[in-house]
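See structure below.
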4 protein chains.
Amino acid sequence: MARYKKTEEKKSHLLYAAFQALSDLGYDAVTLQIISDYAKVSKGVAHYYFENKEAIFIELLTWLTDKIFKKESSSIALEEKAIPKLQSYIRSVFISPEENRKFYRVYLDFLAKASRNSVYREINQRFYDNCSQIGSEIITIGQKEGVFNPHLSPKEASREIRAIIDGYLIQWLMMDEDQLHDIYHEGCLASILKILK
Amino acid sequence: MARYKKTEEKKSHLLYAAFQALSDLGYDAVTLQIISDYAKVSKGVAHYYFENKEAIFIELLTWLTDKIFKKESSSIALEEKAIPKLQSYIRSVFISPEENRKFYRVYLDFLAKASRNSVYREINQRFYDNCSQIGSEIITIGQKEGVFNPHLSPKEASREIRAIIDGYLIQWLMMDEDQLHDIYHEGCLASILKILK
Amino acid sequence: MARYKKTEEKKSHLLYAAFQALSDLGYDAVTLQIISDYAKVSKGVAHYYFENKEAIFIELLTWLTDKIFKKESSSIALEEKAIPKLQSYIRSVFISPEENRKFYRVYLDFLAKASRNSVYREINQRFYDNCSQIGSEIITIGQKEGVFNPHLSPKEASREIRAIIDGYLIQWLMMDEDQLHDIYHEGCLASILKILK
Amino acid sequence: MARYKKTEEKKSHLLYAAFQALSDLGYDAVTLQIISDYAKVSKGVAHYYFENKEAIFIELLTWLTDKIFKKESSSIALEEKAIPKLQSYIRSVFISPEENRKFYRVYLDFLAKASRNSVYREINQRFYDNCSQIGSEIITIGQKEGVFNPHLSPKEASREIRAIIDGYLIQWLMMDEDQLHDIYHEGCLASILKILK
DNA sequence: CATGAATGAGGATTCATTCAT
DNA sequence: TATGAATGAATCCTCATTCAT
């Protein structure tokens, strides 16, 4: 089984290289040569591990959104109550200016693609669904605790949470000022709380 | 006796063709040939009117965001009071599934580029600033009327409005279901109202 | 007849513009647009007066070599004796660093073309023949005066004169130092004198 | 079992193809497709081995002038005395009508470019310097032997030798008659001898 | 005559993909 | 497995030429 593992490691290595390259340079500037350079392997390797260029990006989106989801998921597990859970969730989303910039640049590339390509859209949908579960869980708990509006539909409200998170982080990305990160973090949390109450 | 169209008309014609092509096909699939085909002119024309491909997209983003802003701007002028103004604003943003899809696909492409390219970012910033003026005006009026929270900073809150609008519409775009358009419209308006109150 | 004259004037104007452009930019960088810009006329004019781009250059070479020949021709008419005639000839060839640079840049472009294209070659041949006449005249006079070797074939020796002139001026051009102009001038004259004696 | 040719071999192969194409067709008619066709490789290969078209020509001029210099250099090594050395040098320059035509066509293209472009000019300067060394060596020996004018500056005179060689060969090229090759060869040698004595 | 908008062929360049080693 | 040489389709861009006004 060592073989298989090695292969998976190599793939992850390539995906991470693709992620870095994509974040730095953007979709249309990234070539397989550049990804290979980032990964410090030869150009042939990328083709050995992936069917074609598209496949790399498909897998990258899957890999990325899974990683994000796992991080978010574990972050809410640390808390018991709804509001701390929500705070922890938002905190895990607003990791740091560097991480958010790196991820959202790439994520915007993917959203742009997803708006026309159903393969990307479905992967994103899975991510949305996962996020929705997190949100629903928090909301349901909060409703039981009596801290959130009991008339809210957890499913709908959790989608709204994600919409607001993305809206805030995209706008923060466009402002291009690291010191605004905290302000957007707080603003985002405050807005979500207002909506849930 | 059809005279030659004036230069500016032709440029707009090409920009609209570029917009359509971009919306249909996405950034990396759009070639100058395709834009020319959409505009039903020869390939050389695009180069005659624009320095290069990049210039077309730069001008397109400017043209598009200006157009959107004008539409939004005139929509709020129709109302006197804050809440109807806000409703009118949001209504002008959520025009129709077709229009929103067409615009947001292209806008996502531009946001992705703007995240790495300051030229695009500055154009988008101008758009944000314009939207912010609209928001500020509504909020200030609402605060005078006593319908909005008087402690809100109009400038900050107006940015939050835009973030929420974009967040909702991007998510709607990803859901790829036209009938959700109304629901997202209402949801967006409701969320903004909650935040402003 | 005024019409005709005006046309010829305009053509000369365009040819001079082409000469300037060619000297500044070189064959492959010169476009009809550039020539038109140098002549401060619209692009269409160049096509109105000349069949096509090639025709401009053909006529330019003719015009240029005629102009040079006339200048050389009139310069030797000023003197009576062989050696002063020769000196005057060489002086008229080594006009100034600026003029020589301008001419020889263009002339090299034409020689390069002439080496493969018989149309250019024939025009140059006419120039060579004209120069040969000048040389022959000087040599014949010098032989009568007893200052030149009587066994020289005026025809052959005059070709050698031209070869040496071109050789020196091309090398001077490559040295790219204006102050060497006088030295090459003297060296050229001295070499020719040695050959003729 | 033919191994892949080494990179340097392939580059030389391409340079030779470029040389042939350039000689046949001239600077502005040579495309990368044509060079590739001459080399019997695909279009992409030229870009694989060279940064761009310009780089091919830069390297070609370097390669060509080096080759010429080596040939000239070894030709004078065969003789001991000044005049035989000079004869051998001139003989190596006037190789054959075919070779001279092929080289001087290309060389004229480069001289034309060099007159405006310092990169080409510097490469040519290196060639001139190399030729100058050959000439200086011959002249110095001849002065010691007492067969050349002792007052000549070897450096200057050697430049004059090169000017005369180029002047003669360019003129021969323009005459476009192979049978004149010998006559120009002899004429060139005779002229140089007159200048050195 | 003059203008400059429009055309489209042609060329440099890029890059995903293939494949021999 | 891994490499990187080779391929050629695809694309941006240039520019001579045409032609309506």
Side-chain angles (χ1 to χ4, degrees), chain A residues 3 6-7 10 28-37 39-56, chain B residues 1-7 9-11 14 28-36 39-56, chain C residues 3 6-7 10 28-37 39-56, chain D residues 1-7 9-11 14 28-36 39-56:
Chain A
R3 277 292 188 100
K6 206 174 156 203
T7 291
K10 200 102 190 189
D28 52 328
V30 168
T31 67
L32 288 182
Q33 182 64 66
I34 287 171
I35 293 175
S36 305
D37 290 349
K40 297 195 196 286
V41 296
S42 83
K43 190 153 58 106
V45 173
H47 273 102
Y48 188 81
Y49 287 97
F50 297 94
E51 184 75 14
N52 53 33
K53 197 188 179 188
E54 187 80 353
I56 297 179
Chain B
M1 264 330 133
R3 295 276 177 101
Y4 274 149
K5 284 184 184 176
K6 281 219 245 65
T7 289
E9 272 177 50
K10 201 92 189 198
K11 268 187 107 164
L14 278 163
D28 52 326
V30 168
T31 68
L32 289 179
Q33 181 64 68
I34 288 172
I35 293 175
S36 305
K40 297 201 195 283
V41 294
S42 82
K43 187 158 52 109
V45 172
H47 279 104
Y48 188 79
Y49 284 95
F50 298 94
E51 186 77 13
N52 52 35
K53 198 186 178 188
E54 185 81 353
I56 297 180
Chain C
R3 276 292 186 97
K6 207 173 156 201
T7 291
K10 201 103 190 189
D28 52 329
V30 167
T31 67
L32 288 182
Q33 182 64 68
I34 287 172
I35 294 175
S36 305
D37 290 349
K40 296 194 195 288
V41 296
S42 84
K43 190 153 58 106
V45 173
H47 273 102
Y48 187 81
Y49 286 98
F50 297 94
E51 184 75 15
N52 53 35
K53 197 187 180 187
E54 186 80 354
I56 297 180
Chain D
M1 266 325 136
R3 294 275 176 103
Y4 275 149
K5 284 184 183 175
K6 282 220 243 67
T7 288
E9 273 177 50
K10 200 92 189 198
K11 267 187 108 164
L14 278 163
D28 52 326
V30 168
T31 67
L32 289 178
Q33 181 64 68
I34 288 172
I35 293 175
S36 304
K40 298 201 194 282
V41 294
S42 83
K43 188 156 53 108
V45 172
H47 279 103
Y48 188 78
Y49 284 95
F50 298 93
E51 186 77 13
N52 52 35
K53 199 186 178 186
E54 186 80 353
I56 297 180

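Just the heavy atoms: all of them, side chains too, but no hydrogens, waters or symmetry mates, feed the values below. Below, read A as the first sequence line, B as the second, and so on, with proteins coming before strands; counting in each chain starts at 1.
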Given Watson-Crick and G-U pairs under 3.5 Å, DNA chain F in dot-bracket ([ ] crossing, | other strand) is .||||||||||||||||||||
To the nearest 0.5 Å, atom CD1 of C:Ile34 lies from atom OG1 of C:Thr31 at 3.5 Å
OG (C:Ser36) and NZ (C:Lys43) are apart, to the nearest 0.5 Å, by 7.5 Å
Closest to the 5' end of DNA chain E, once D:Leu32 and C:Val45 are matched to their nearest nucleotides, is C:Val45
By nearest-nucleotide position on DNA chain E, the 5'-leaning member of A:Ala29 and D:Ile34 is D:Ile34
Phosphate-side-chain proximity, [X] and [N], N/O vs OP1/OP2 below 4.0 Å:
X	N	answer
B:Tyr49	E:dA6	yes
B:Lys53	F:dC12	yes
C:Lys10	E:dA2	yes

Quick check on DNA chain F: between B:Asn52 and A:Lys40, whose nearest nucleotide comes earlier from the 5' end?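 Going by which nucleotide is closer to the 5' end, it is A:Lys40.
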**Prompt:** Of A:Val41 and B:His47, whose closest DNA chain F nucleotide lies nearer the 5' terminus?
**Reply:**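 Of the two residues, A:Val41 wins.
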Distance in angstrom units between [X] [atom1] and [N] [atom2], rounded:
X	N	atom1	atom2	result
D:Gln33	F:dA10	CD	C1'	14 Å
D:Glu54	E:dA12	CD	P	12 Å
B:Glu51	F:dC12	CD	C1'	13 Å
C:Asp28	F:dC13	CG	P	20 Å
B:Ile35	F:dT11	CD1	P	12 Å
A:Asp37	E:dC15	CG	C1'	13 Å

Shortest non-hydrogen separation from B:Glu51 to B:His47 and the atoms involved: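 B:Glu51 and B:His47 have their closest heavy atoms at O-CD2, 4.3 Å.
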### Task
Search all heavy atoms of A:Lys53 against all heavy atoms of A:Val30 and return the closest pair with its distance.
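Shortest heavy-atom contact: NZ-O, 2.9 Å.
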Sorted by chain and number, sequence neighbours left out, side chain to side chain donor-acceptor pair (under 3.5 Å) with B:Asp28 holds for A:Lys113
C:Asp37 meets the side chain to side chain donor-acceptor pair (under 3.5 Å) criterion, sequence neighbours left out, with C:Gln33
- Task: Return the nearest nucleotide to the side chain of A:Thr31; candidates are F:dT1, E:dC15, E:dT17.
- Result: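 Nearest to the side-chain atoms of A:Thr31, counting from C-beta on, is E:dC15.
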- Item | Within-4.5 Å side-chain heavy-atom neighbours: D:Ile56 and D:Leu14 | no
Worksheet item: With a 3.5 Å cut-off and just heavy-atom distances, do the side chain of D:Lys43 and the base of E:dT13 make a donor-acceptor pair?
Response: yes
